[in-house]
Amino acid sequence: MTMAPEKRTDRGIRIAIDRGGTFTDCVGNPGSGKMEDDVIIKLLSEDPSNYDDAPLEGIRRLLSKFSGKEIPRGEPLDTSMIESIRMGTTVATNALLERKGENIAMVVTKGFKDCLEIGNQSRPNIFDLGIRKPEVLYKQVVQIEERVTLEDYAEDPGRNETKAKSKEEAGENAELVKGLSGEAVRILKRPDEEIIKKQLKEVHESGTKAIAVCLMHGYTYPEHEALVGQIAREIGFDHVSLSHELMPMIKLVPRATSACADAYLTPAIKKYISGFAAGFEGGLGTESVKKEKGEKGARCEFMQSDGGLVDVDMFSGLRAILSGPAGGVVGYALTSYDPKTQTPVIGFDMGGTSTDVSRYGSGRYDHVFETTTAGVTIQSPQLDINTVAAGGGSRLFWRNGLFVVGPESASAHPGPACYRKDGPLTITDANLFLGRLLPDFFPKIFGPKEDQGLDADASKKLFEDLAKVINNDIVGSGKEREMSLDEVAFGFIKIANETMTRPIRSLTEARGFDTSKHRLATFGGAGGQHAVAIAEALGIRQILIHRYSSVLSAYGMALADVVNERQEPESKIWSEKGDAIKYLQEKMDDLKARSKKALQDQGFNEEDIEFEEYLNMRYRGTESALMVVKPSGENGQDGSTSDAWAFGNAFVKQHEQEFGFTLPDRDIIVDDVRVRGIGKSFAGLEKTVDQQLREIKPKDVGKGEKQYATKQIYFEGGRQNTPVYKLEDLLVGDRIQGPAILADGTQTIVITPGAAGLVIDTHVIINIGDSEMQDKKIDTKEVDPIMLSIFAHRFMAIAEQMGRALQKTSVSTNVKERLDYSCALFDSDGGLVANAPHLPVHLGSMSTCVRKQAEIWKGKLKKGDVLVSNHPMFGGTHLPDITVITPAFSGNNIVFYVASRAHHADIGGILPGSMPPHSRELFQEGASIKSEKLVSEGQFNEKRITELLYDEPAQYPGCSGTRCLADNINDLKAQVAANQKGINLITTLIEEYGENVVQFYMRSIQDNAEQSVKTLLKSVSKRFEGQDLSAVDFMDDGSPIKLKISIDAEKGEAVFDFTGTGPEVYGNTNAPEAVTYSAIIYCLRCLISEDIPLNQGCLKPIHVKIPKRSFLSPSDKAAVVGGNVLTSQRVTDVILKAFQACAASQGDCNNLTFGFGGNESGTDEVRGFGYYETIAGGSGAGPTWDGTSGVHTHMTNTRITDAEVFERRYPVILREFSLREGSRGKGQHDGGDGVVRDIEFRIPVQVSILSERRVYHPYGLEGGEDAQCGMNLWVRKVPKPDKNADATGGDDDNQSSRGAEDSGEQEYRQINLGGKNTASMQAGERIIIMTPGGGGWGKPGEEKQHVKSKDPKHAWRQGSVAMRQSEAEASA
């Protein structure tokens, strides 16, 4: 390995350090660059009795070793021998996890003070009644009176583009200027410097010394942010983070969070670095090398989250969050990937509390630009590393007849049971008990004197206790044979492996890659024990374990390059013709020049600098941008510039691979221009893995040869005599046949029967043969709880992957960004098997639809047929939710169905958005489809679906067909593709286990859910001493929803009787019966408060009585659009009230639609657009929790469009989006506050609001107060009355109208729209929606009864796939 910058003969020591949470790993090289000369030191990160700082101590030990003389502790270290120090650190991550960063203030545009508290308005766990969102990082907020907006809007059917000049050309006071992105920016209000000075001085005087600044559209118009920054620095703030400097990308919320994270973490990093640098005699970093003329200064670089190194002086908090894990990715990428063979690699880093998963292919790192760490979503280039809450310390549970692993962890204290601190059972204990973890090779650091090894007896004792409970349950339910301790422990290992393979499949298959075509590179303490099983499950045939796998993050630092990233926003339409390419090339060249200068300043020569050039591109009308790397020159036919700049073709190809479709009739927009400047410091390995494998001559190690010991170790089927080898005793070329264990002081590698391990220079390679698993017959006479748990995972994973496929391949905002969809798997009768928890309102209702269609088409369907329906009498909820159903065949028999339901933004009817507040009849709400074939034997019937969506609705008086047919068709095709994904996955499952086994466990998983609900009902009956439960609540029109629940405690069954509910209404709050079933399933799952499979079994013990022709069982012509989004919420409130579970939440979705256009019968088509959103409110308090403010509750969990994206896409100005203070119900536990959303329209549009709880307050319980009702206001422009009107006498009405005419002036007046209304609003008019709060619990003033959360981090999601998973699953 060679360093590119200047080298000196008198120094050459290179040190790479990874300071982790538990251990600090150090790799030192005297300057030869040869692996055999490396010195590795592993020490505790915290050991205050011996040293203050672990990295300094590691460097002291390395320098002592290389210089041959002991350097005393505390003596400043001489940097003259050191060529470079490279470090990765968890300082930023820990500060974020523990919320121990700097005390900061956020500075934001007026009206957006709560933008981070509201976030995207979704809740992390849809079944948690006590909603907990991660805390914000700031302590105070400063609102600046300033405002800019974008002049044009993307959804403009006329594609008008305003030409604007740059600020320099237009002049200081111009109201219209060209932003950095090329978009025309209108300045609505300039900031007042004096007021800002006063505001910031108050903050500074309060003791806050760091601020984060993020103003609306600051990514393209940074002048106002820059002004605030300048004033703040003049006042004397120690740290100022400006969002446009950190990441100039559109989206207010992630950019503001990023600025806050940077301000919160950078001071902690600077403080750490200055303490670290104080331990050296010379300075550290490029500047010190220059100043000291190279005699004393040493290069010092830190690893950033993007896998590149940066000079110590430029290291910031925002880019430090994944500093440690990034080193591991660089480590395995550069040691396991061969640029010639190009076999992609999956990285599997299994630690104590979690597992990090990543992928490396094409010779480039996969970067993502929006990720979540410790509950904080930030915008910054980061490696695509995804954290799964399953590690060695993950706890083991038996719940509701299923084996469950995690997400709770034993953490370092007390740690697993075997750590001698009375800890719980964990995966580490299971591995130890089964003999897969050897105490001989584990450090003796346990017990009161920290000198004892692992305690195998403690693990065994807890397994005995747990096995008793499990066997009592399974024998009681009719199983003939008890499970042995080995079977119980191994069962948990299998479930842990299943938990970890799910996100790996997501990472690869969700992006169009085949997992079986990868290698698995495993590292981290626990990886070697699980690697073979993980690889087998994924179809991977080869595993690579680097010799430095336990210190691979540190080794990765030694191999990494120094990186300088530059990025600027853009809005150019891509075109091969005209000046677009020339313009973008000039912008790219400017960024390259700036990046090159920064790297040259750090000592890199021109020949050592390389660039990766990117354009961030997307199709018009979508928000799914792809970062496209510049295609290599070979792509061009004649090597001309335009061919080398074939970004357009590369984007289309990448879009096809990642999303499965292209949109040839749409413009391609360039959102950002990005350059990644790389200072090469690593010349490449001497030999890649593939070269070594070609040259090596394997030699089988004979029986008994080189063995350290023989142990009884459990594999599938029983314990086997297994040889144990010390890694250091094996030579290059030695091949070990499984079963075997290879171990050293830092890792244990389990080689299962049928696999073989081969030792090469740099790695241990495990080749996987055909596993004995393939031949194992699975019994279907009785339920195996391990297989039941595995199938629960598999069925749910199929529904989740369908959801991801739908989100990926869809076009509309509703599906792609708001995530308003659901996917599910059904048995051959249409009974629900697994429904990924996307949207609660879809939970039980899809099964009604599938059953109905199965009956209608019995015996008539063929392979390749797909059905479509949305009619309420056929299991639909409301018309915009269209369900697509695909049968799966085995021979001529249907063995199961898959279905997907998505909310379409418009399907015709009387108003844009197809959510009319005043609909009286079903036809007014748009296209209604009872039962049609969408696809016949593989042929998509576009002609018929066009008739159904576009032509037929327009035949009715006052109605239009769909206003966005192309989006409808694209989304329906996406639904078909998602269903096909589900069928392919379940076909694979049938191939793996056999049809009988899959069918058997489909039924068994439903039985398991039924049992869970019965257990819940028995416990509820005990709590209420056998009494019936009852509740009543009212819709705003006075219609009652009445419920009586009678529980049969002996059988564990219940009757939900809605007798007394009001009749069908001549309005649209009628709810099809399917909606009530969804509400019941949702409430039961919330009350069980543990993960149970959500399927038909949940409803088996429930008998539902709904009076016919009530508004919960309306006739087939009744309007129902509000039933799905409003009545469903009230039904939920009534059920939870009957169970006395919590106070009422906002009980509403606050459905807002606006737009224009259509094809009403007898008129010409007007091209327009339709927009739909639902708006958050307050959640209800409960016996042990406060309500949460500004969040979606119960039956919905859709996201809100980011404020900047909202203004870019639509002709609006979002004046305010904040919490509505004082709207909560007070109590022993207060409810949550609603929100205020104030939207100004810039062109005339039709605006509709469909809402509830504008009359009846969200109730408090147990003495808690009710919350405030909501209110919808129209700020309307009306003629201003003449002041002299009264003086002239005469008729008042005539006078006032004449006076208004005379004055010719206008004024704005607030008009209450009520709960359900529509209005034609003119340019400059506004709608202000104030949503309801949540009710309080308990009498105000009484002491709160908070229960300590099992895991305070339970709501935090990690990494980008975790982001994708949360998007497609529970955090929909």
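Just so we're clear, the structure is a prediction, and the values are computed from it rather than from any experiment.
Taking 4.0 Å as the cut-off between side-chain N and carboxylate O, Arg147 and Glu1207 count as a salt-bridged pair. By the 4.0 Å N-to-carboxylate-O rule, Glu146 lies too far from Lys110 to be salt-bridged with it. With salt bridges taken as basic N to acidic carboxylate O contacts below 4.0 Å, one links Lys198 and Glu202. A salt bridge is absent between Glu565 and Arg319: the closest approach of a Lys/Arg side-chain nitrogen to an acidic carboxylate oxygen does not fall below 4.0 angstrom. Salt-bridge check for Asp667 with Arg620: passed, with a basic side-chain N closer than 4.0 Å to an acidic carboxylate O. Under the 4.0 Å criterion applied to side-chain N and carboxylate O atoms, Arg159 and Glu161 are not assigned as salt-bridge partners. Checked for salt-bridge contact, Asp1233 and Arg1220 miss the test: no charged N lies under 4.0 Å from a carboxylate O.
For the pair Asn103 (side chain) and Thr208 (backbone), a donor-acceptor distance under 3.5 Å is absent. Side chain of Lys1277 to backbone of Ala1323: a donor-acceptor contact under 3.5 angstrom is found. Looking at Thr220, its side chain does come within 3.5 Å of a backbone N or O of Leu180 through a donor-acceptor pair. Between the Ser258 side chain and the Gln379 main chain, a donor and an acceptor come within less than 3.5 Å of each other. Between the side chain of Tyr264 and the main chain of Gly101, a donor-acceptor pair closer than 3.5 Å is present. In this structure a side-chain-to-backbone donor-acceptor pair under 3.5 Å is present from His204 to Gly236. A side-chain donor-acceptor contact under 3.5 Å links Glu169 to the backbone of Ser166. Side chain of Lys189 to backbone of Val148: no donor-acceptor contact under 3.5 angstrom is found. Using modelled atom types, one side-chain atom of Arg255 and one backbone atom of Met249 make a donor-acceptor pair closer than 3.5 Å.
Glu234 CD: more than 12 foreign heavy atoms inside a 6.0 Å radius. By the 6.0 Å contact criterion, NZ on Lys178 is open, its count of non-hydrogen atoms from other residues, nucleotides or ligands being 12 or less. No more than 12 heavy atoms of other residues, nucleotides or ligands shown are found within 6.0 angstrom of CD on Glu193. The local environment of CD in Glu1221 is sparse, with at most 12 non-hydrogen atoms from other residues, nucleotides or ligands closer than 6.0 Å.
Side-chain contact between Leu116 and Val253: present, with at least one pair of heavy atoms (C-beta onward) separated by less than 4.5 Å. Two residues are said to be in side-chain contact when any heavy atoms from C-beta on lie closer than 4.5 Å; Glu151 and Arg1242 meet this criterion. For the pair Met1330/Ser1223, no side-chain contact is recorded, criterion being any heavy-atom separation below 4.5 Å from C-beta on. Proximity of Gln1322 to Arg1276: side-chain heavy atoms (C-beta onward) are nowhere separated by under 4.5 Å. Counting only heavy atoms from C-beta outward, the side chains of Asp820 and Tyr1172 approach each other to under 4.5 Å. Within the 4.5 Å cutoff, no side-chain heavy atoms of Thr266 are placed close to those of Leu318. For the pair Glu1307/Pro1281, a side-chain contact is recorded, criterion being any heavy-atom separation below 4.5 Å from C-beta on. Residues Met627 and Pro381 fail the side-chain proximity criterion, which asks for heavy atoms closer than 4.5 Å.
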* To do: Would you sort out whether Lys251 and Asp671 count as a salt bridge (Lys or Arg N to Asp or Glu O under 4.0 Å), showing the intermediate values?
  => CA-CA 12 Å; Lys251 282 194 185 175; Asp671 269 347; over 6 Å; no
* To do: Begin with the C-alpha distance, continue with both residues' side-chain angles, and end with the deciding distance and a verdict on side-chain contact (heavy atoms from CB on, under 4.5 Å) for Val142 and Val213.
  => CA-CA 9 Å; Val142 176; Val213 185; over 6 Å; no
* After noting the C-alpha distance and the side-chain angles of Arg674 and Asn616, does the key distance pass the side-chain contact (heavy atoms from CB on, under 4.5 Å) rule? -> CA-CA 8 Å; Arg674 172 184 168 223; Asn616 198 25; over 6 Å; no
* Could you walk me through whether Tyr221 and Ile187 pass the side-chain contact (heavy atoms from CB on, under 4.5 Å) check? -> CA-CA 9 Å; Tyr221 188 77; Ile187 297 155; 3.3 Å; yes
* To do: Go through the steps for Trp574 and Leu615 under the test side-chain contact (heavy atoms from CB on, under 4.5 Å), then give the verdict.
  => CA-CA 10 Å; Trp574 174 262; Leu615 294 181; 3.8 Å; yes
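Distance check, rounded to the nearest 0.5 Å: CD of Gln143 to CD of Gln199 gives 9.0 Å. Between the OH atom in Tyr619 and the CG atom in Leu626 there is a gap of 9.5 Å [rounded to 0.5 Å]. Going from atom CD of Glu1204 over to atom CZ of Arg1209 covers 14.5 Å, rounded to the nearest 0.5 Å. Distance check, rounded to the nearest 0.5 Å: CG of Leu200 to CD1 of Ile211 gives 5.0 Å. Distance OG1/Thr109 to CD1/Ile144: 8.5 Å, rounded to 0.5 Å. The OG1 atom of Thr257 sits 8.0 Å away from the CG atom of Leu137 when rounded to the nearest 0.5 Å.
Glu225 and Ser243 share a side-chain donor-acceptor pair at under 3.5 Å. With hydrogens and angles left out, the side-chain atoms of Thr1174 and Thr1196 include no donor and acceptor closer than 3.5 Å. Defined by atom type and a distance below 3.5 Å, a donor-acceptor pair is missing between the side-chain atoms of Thr377 and Glu370. Ser571 and Ser181 form no side-chain donor-acceptor contact under 3.5 Å, judged by distance and modelled atom types alone. Side-chain contact, Ser380 with Gln382: no donor N or O sits under 3.5 Å from an acceptor N or O.
In terms of heavy atoms, Gly229 sits closest to Val240 at CA-CG1, 4.0 Å. Shown here for Asp906 and Leu911, the closest heavy-atom pair between the two residues is OD2-O, 4.3 Å. Heavy-atom minimum distance, Ile131 versus Ser1179: CD1-CB, 3.7 Å. For the pair Lys133 and Thr1188, the tightest heavy-atom approach, listed with the atom from each and the gap, is CE-CG2, 4.1 Å. Summarising the geometry of Ala259 relative to Leu246, their closest heavy-atom pair is CA-CD1, 3.6 Å, with the distance given to 0.1 Å. Nearest heavy atom pair, residue Pro267 against residue Glu102, reads CB-OE1, 3.6 Å.
Glu568 meets the side chain to side chain contact (heavy atoms under 4.5 Å, CB included) test with Lys587, Leu591, Arg594; sequence neighbours excluded. For Asn160, the side-chain hydrogen bond (donor to acceptor under 3.5 Å, both in side chains) test picks out Asp156, with sequence neighbours left out.
Classified by interplanar angle (parallel below 30°, tilted 30° to 60°, perpendicular above 60°), the ring pair Tyr1171/Phe1154 is tilted. Ring pair His217/Tyr219 is tilted by interplanar angle, where 30° to 60° counts as tilted.
The residue from Asn1150, Asp1148, Asn1151 that alone fulfils the side chain to side chain contact (heavy atoms under 4.5 Å, CB included) condition with Val1125 is Asn1151.
Relative to the six-membered ring of Phe1206, Arg1237 meets both conditions, a distance below 6.0 Å and an angle of at most 45° to the axis.
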